Amino acid sequence: MKILLLSASPRGHKSQTLFLAKEILNGCSGAESEIIQLHDLQIKFCQHCELCHKKILACPLKDDVRLVLNKMMEADGIILASPNYIDHITGALKSFLDRSSHFIHCLRLLEKYVVGCVTSGSGQDQPVLDYLKHYANICAAQYVGGISSAAMSVREKMKEAYKLGETLFQDISEKKVFPDQMKIINKHREHFRKMMRLAKDEWPEEYQYWLEKGWL
């Protein structure tokens, strides 16, 4: 089992968000794990050229994004950790996720599990956690749950974070199904089944991917 932690805080190892997210990782005892701090990487803004749909994950932008996308596809579980910046994830994480639209078209996180981790001054972070759940579902991953904390109170949330990690590990091991989320994922799949048929000449490699999966 592989668990990937993506940390989007600009504070690096001093980040309270990363501190809390690491405890989720500790709860996944026995799993192979990796931590990537997005602010250590070069991440350029998506130019909406759609090359990644025409030729799977191809991109004219030369940076570190493809490496991380590949690691997401290799992982069984993904922890998305971000400070709350005006009721949203940080720009670093948003810029990165914007570059993953192929994941949405081709449900590339199917059978994977995601948890969210957010901190802020107030600890009132539900809109950010809701967005992370939304992102997981539109990429076909199931969302196990999330944790948030006021930055000054992170240590009080450590047991909860560890427990969330244990739950993530167990859900992956048991291949748990969340029926309400699968309804969303299947509705999304049906939408893109229609889109792939309509755009098969515009997105030839994604269309071929759907054919090979037997989804058309």
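Since we're looking at a predicted model, the values are computed, not measured.
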task = Report, as yes or no, whether the 6.0 Å neighbourhood of atom NZ on Lys44 holds more than 12 heavy atoms from other residues, nucleotides or ligands.
result =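 Yes.
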query = In this structure, are over 12 heavy atoms from other groups packed under 6.0 Å from Glu34 atom CD?
reply = yes
Which atom names give the shortest non-hydrogen contact between [X] and [Y], and what distance separates them?
X	Y	result
Ile24	Cys117	CD1-CB, 3.9 Å
Tyr131	Ile89	CE2-CD1, 3.6 Å
Ala92	Leu38	O-CD1, 4.2 Å
Asn84	Gln124	ND2-O, 3.6 Å
Cys106	Met196	SG-CE, 4.5 Å
Thr90	Ser82	N-OG, 3.0 Å

Nearest 0.5 Å, please: how far is [atom2] in [Y] from [atom1] in [X]?
X	Y	atom1	atom2	answer
Leu69	Ser100	CG	OG	6.0 Å
Ile185	Phe178	CD1	CZ	10.0 Å
Met73	Cys139	CE	SG	11.5 Å
Met72	Ile36	CE	CD1	9.5 Å
Arg11	His39	CZ	NE2	11.5 Å
Ile43	Arg99	CD1	CZ	8.0 Å

message = With side-chain hydrogen bond (donor to acceptor under 3.5 Å, both in side chains) as the test, pick out the partner of Trp203 among His102, His105, Glu50.
response =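 Single pass found, and it is Glu50.
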Criterion side chain to side chain contact (heavy atoms under 4.5 Å, CB included) against Leu132, the qualifying member of Val118, Asn137, Val114 =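 It is Val118; the other options fail the test.
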request  = For the residue pair Glu166 and Gln170, confirm or rule out a side-chain donor-acceptor distance under 3.5 Å.
outcome  = no
request  = Determine whether the side chains of Glu202 and His53 contain a donor N or O and an acceptor N or O closer than 3.5 Å.
outcome  = no
